[in-house]
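This report refers to the structure that appears directly beneath it.
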Amino acid sequence: MNKIEHTFGYEFNSLLLNLYCDHNDSVAWHRDKESRYSDRPVIASLSLGETRKFNLRKLSRHQSRHGIPLPNGSVLMMKGDLQEHWEHRLAKSSSLMKERLTLTFRLVNLL
Ligand SMILES: O=C(O)CCC(=O)C(=O)O
Ligand SMILES: [Mn+2]
């Protein structure tokens with residue numbers, strides 16, 4: 001977390017882990033919008049293990065979808081208005097996949 005904080009210039013106080021055991025594990029379309037996050041949350045997502053495709057789609061135009069492969073050791077930064085106007089997911093895959101772990105660092109209101 002310290003390395004990511006120093007590299008990108010943001011600070012975090014919480015970690016949410018996602019474990020995908022194989023290609024059948026997935027996370028459905030969603031936005032990370034919660035009262036304990038700020039309106040424009042910064043989320044740093046470190047991928048470990050199998051490369052999986054991270055999809056993004058604009059709320060107002062579902063047909064324009066993006067797929068970003070996230071290989072081992074990559075860091076995806078979500079920030080600005082992203083959670084306001086875009087949804088993301090990690091879809092099941094039709095090809096066999098090994099384990100993947102995501103470490104998502106967030107700044108949470110602890111009060
Ligand atoms: O595993 C990923 O890359 C996405 C996870 C995610 O969207 C989340 O934890 O909110
Ligand atoms: Mn998410």
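Counting convention: from 1, in listed order, for ligands and their atoms alike.
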Side chains of H30 and E87: does their closest heavy-atom pair fall under 4.5 Å?
-> no

Polar side-chain atom of R31 near backbone of E84 as donor-acceptor pair, under 3.5 Å = yes

The N/O/S atom of H30 lying closest to the Mn ion (ligand 2) is NE2

Enumerate the protein residues lying less than 4.0 Å from ligand 1, judged by heavy-atom distances, in chain and residue-number order.
-> L16, N18, Y20, H30, D32, F54, H88, L90, R100, T102, R106

F105 and F12 aromatic ring geometry - parallel, tilted or perpendicular at 30°/60° bounds = tilted

With side chains defined as the heavy atoms from C-beta onward, is the minimum distance between Y20 and E50 less than 4.5 Å?
-> no

Please check if the side chain of S45 supplies one atom and the backbone of L76 the other of a donor-acceptor pair under 3.5 Å.
-> no

Compute the angle centred on the Mn ion (ligand 2) spanning NE2 of H88 and OD2 of D32, and express it rounded to 10 degrees.
-> 90°

Please answer whether the main-chain N or O of P71 pairs with a side-chain N or O of R100 as donor and acceptor at a distance below 3.5 Å.
-> no

Sub-4.5 Å side-chain heavy-atom contact between L59 and H85 = no

